[in-house]
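This report refers to the structure that appears directly beneath it.
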There are 2 protein chains.
Amino acid sequence: MTLTDLRYLVALARERHFGHAAERCNVSQPTLSVAIKKLEEELAVTLFERSAADVKITDIGARIVAQAEKVLLEAGQIKELATAGRDPLSGPLKVGVIYTIGPYLLPHLIPRVHEAAPSMPLLIQENYTARLAESLKRGDLDVIVVALPFEEPGIVTQAVYDEPFRVLMPAGHAWEKEKAIAASSLAEAPLLLLGAGNCFRDQVLEVCPMCRSGEGLQRTLEGSSLETIRHMVATGAGITVLPSSAADPLPDGNALLSVRPFVAPEPFRRVALAWRVTYPRSGAIDVIRSAILASPLAGVRPVNR
Amino acid sequence: MTLTDLRYLVALARERHFGHAAERCNVSQPTLSVAIKKLEEELAVTLFERSAADVKITDIGARIVAQAEKVLLEAGQIKELATAGRDPLSGPLKVGVIYTIGPYLLPHLIPRVHEAAPSMPLLIQENYTARLAESLKRGDLDVIVVALPFEEPGIVTQAVYDEPFRVLMPAGHAWEKEKAIAASSLAEAPLLLLGAGNCFRDQVLEVCPMCRSGEGLQRTLEGSSLETIRHMVATGAGITVLPSSAADPLPDGNALLSVRPFVAPEPFRRVALAWRVTYPRSGAIDVIRSAILASPLAGVRPVNR
DNA sequence: GCGTTGTATAGTTAATCTCTATCACCATTG
DNA sequence: CAATGGTGATAGAGATTAACTATACAACGC
C-alpha cells in the first residue's frame, strides 16, 4: 500500500470508471486497474464491484476510501509544513548570549531582528560561555554570542566585532586626570572582578597578569554582574574594567563615574557568533549578524569576514 | 514521498541513529540513509543535523515527523478497516423482499439471521419485484427475495423453496366440502386479486388463464395486501388464492375461513434469492438462505441447489 | 451476431529500491 | 600525533516494482 495506490483508489471512488480515474491520475487504465487489484489483494477485501454497466463501490470500500482520503490529507500537510519550514527566517531561533554582552546588545538586537524577520521570534538565554557551548552542542540553542577564543569540535564561529576595554573609576579618582590608563597600573588598584566562569573576568586578568598572581587588591564578586560592579564603583568601592559597550553609554550627567580608555594598544575582546556546522538555517544567522552590526554599541569595531 | 519513507523518517527520529533505525526497519543503513536524503530533497528542508557525535532533528523536522506519525496512524486504520470488513457477516446487509413474502417470512427470518450473524443488521425493504430489481442493480440493495421467473443481466438467482397455492374461501362456502379445488373452477368464482405489479397476481392468473381473458367475476384490489384480501374473504366478499405460507397458518379457531389445496398438480411459486454476480459478500447470502430454509413456512418444499 | 464499451491480462521497458562494499569524517585514546 | 572505532555518505550491481502499449475478454445494445 503506497500513497500512490491510495490516490488511485480515491480517484476511482470519485469517477466510478477506471478509464476516467486513470486519466485524472495521469496514468494508463491498466496501471490503475492493476494497482486497485493489488490493493484489494493486499487488504483481502473487495473494494469495487466491477460490471459492464458501471463500477460500484462496496460498503467496506467506501469506508476505506474515506480513510484513504484522510491519509492523503494528512500527507499533504507534510508538504505544507515543509513549504512553511523552508524559510530559514520562519520559526523560533534559540539564541544564547554571555552575561557580559546580553544586557547591552539585546535591547538593540531584538527590535532589529523583529524588523528583519518578523516571523522568527527569538528565544534567548543568557549564561556562561561553557554552558552556552554545551546547550549549543546539545541542540538546545541554535546560535550563541560569545567572546573569542572559542573552539569546539563541530562548531563554527564567526567574529562579528571587536570591543575595546575601558577603565571605570569613581569620579574624583586620582587617574581621572590621565587621558588613558596603562594596563600595568591596574595591578596596584582595588579591582572589582566578576566571578569565575565569566570569560570577561579572565580576559581582564589577561590584560594585567600581575593582578592574578600578585594577590593584590582586586576583589572577586561571585554571582554579580557588570551593572552591580558599576554601582559599586560609583560608591567608591574600587575601580573596574568594562567593555566599551557597557562603559561608554553612561547615563547623561552621571557625576559619580569616570571612564578612561587604555593606552594603546588597547586591550579588547573579539565577539563572535557560533553555531553547529550542521545547522541548516544559515539565513537566520546572517540576520542575527546583520542585526548585531546595526546595533549602536559604543566603541565597537566591526570585523570583516 | 512514500509511506515507507515516512516509516524510515519516524524510526530515525526515534532512534537518532541511522544504523539502529535501519535495523528497526529491517533494511540496511544505506537504504535508510538514501531514503532520508531523498525525502529531504523532495521536501527541500533539512530534517536532521548529522554529526559524528549524534543525529539531531531540526525544528521543522520534528514537526514533519509528528505529521508523518499521524499519516502512518491513519494508514494503519485502513488495514484495520480491511480486517474488520473482511468478514462478510459483519456490516449491514440491504435486503429486499416482495410484498407477498415479507409479512410471512421476515418474522421468522430476522431472529434467525441475528443469531447466525449478530453483527450483520438487516436493512429491509418491501416492494414490487420490478422495483427491487432496479434497486438491486443500482446497488441500493444487496440481495432480494423474489419469485421466479426472474432474469436480469448481471444478476444471479438461486431458488430456495417452492410454495404451493391454496384456495381461501369463507366458512360455509360451497367448495368447503371438496378436499381439493381444481384450478379451472376458479374462473367461475368471485376471485379477489392483488393489484398490478404484484407478481403473485400474475401467477394466480396464470393458474387459471380463463380468469384473465374471461372478464369474469374476479376483482382487482389496487394497493391492497394479502392480509386485506384475507379479511375481505372472511366477510364473504369472495374467494382468493394465497401462497401456503400465507394461507395455512390460520389463527387458531378461525371460524370464518376455510382453506383448500388445489388438485394435483398443485400450482406453486418458486421463491429465490437474487444478487449481483459481482456482489462479494456471498457468505452473507448463504446465511440468508439458511435462515429462510430454517423458517417454519407452512407448506413449502426446499429446492436443492 | 457484431460492434461498442469497459476492464483485465501479457509482455516489455524504465525507474526505483535495496543490497554489499567502501569511503570519508571526526572524536577519542594510547 | 597517529591509530582506532564508530558513524553516515557514496558507488555500483542486482532485484523488485511500476509504468507503458498492445491485446484479450466480457457484457451489453442495436
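Naming: A, B, ... by sequence-line order, numbering from 1 per chain.
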Describe the nucleic acid contact of A:Phe48 in one word from base, sugar-phosphate, nothing, applying a heavy-atom distance below 4.0 Å.
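Contact class for A:Phe48: none.
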Extract, from 5' to 3' on DNA chain D, the first and final nucleotides lying under 4.0 angstrom from some heavy atom of chain A.
D:dA18 to D:dA27
When the distance from [atom1] of [X] to [atom2] of [N] is rounded to whole Å, what number comes out?
| X | N | atom1 | atom2 | result |
| --- | --- | --- | --- | --- |
| B:Asp54 | C:dT28 | CG | C1' | 15 Å |
| A:Arg276 | C:dC26 | CZ | C1' | 17 Å |
| B:Arg7 | C:dT18 | CZ | P | 11 Å |
| B:Phe18 | C:dC26 | CZ | P | 16 Å |
| B:Leu3 | C:dT16 | CG | C1' | 16 Å |

With sequence neighbours left out, what residues match [X] under ring pair (Phe, Tyr, Trp, His ring centres under 6.0 Å)?
| X | result |
| --- | --- |
| A:Tyr128 | A:Tyr99 |
| B:Tyr161 | none |
| A:Phe200 | A:Phe165 |

Would you mind telling me which residue lines up with the more 5' stretch of DNA chain C, B:Thr4 or A:Gly154, judged by nearest nucleotide?
B:Thr4
Could I get the full list of side chain to side chain contact (heavy atoms under 4.5 Å, CB included) partners for [X], not counting sequence neighbours?
| X | value |
| --- | --- |
| B:Ala75 | A:Met1, A:Val71, B:Leu3 |
| B:Ser290 | none |
| A:Pro88 | A:Arg281 |

Pull out every residue in residues 26-45 of chain B that has a heavy atom closer than 4.0 Å to any atom of DNA chain D, ordered by number, or say none.
B:Gln29, B:Pro30, B:Ser33, B:Lys37
Taking only N and O in the side chain of A:Arg50, is any of them less than 4.0 Å away from OP1 or OP2 of C:dA8?
yes
Taking 4.0 Å as the cut-off, does a side-chain nitrogen or oxygen of A:His17 come that near to OP1 or OP2 on C:dT5?
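Indeed not, no polar side-chain atom of A:His17 lies that close.
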So does B:Lys70 have more than 12 non-hydrogen atoms from other groups sitting under 6.0 Å from NZ?
no
Atom pair CG/CD of B:Leu47 and B:Glu40 - distance to nearest 0.5 Å
4.5 Å
Contacts of B:Glu49 that satisfy side-chain hydrogen bond (donor to acceptor under 3.5 Å, both in side chains) - sequence neighbours left out:
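B:Glu49: side-chain hydrogen bond (donor to acceptor under 3.5 Å, both in side chains) contacts with A:Arg276, A:Thr278.
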Between A:Ser51 and B:Arg16, just flag the one whose closest nucleotide in DNA chain D comes earlier from the 5' side.
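Its nucleotide being nearer the 5' end, the pick is B:Arg16.
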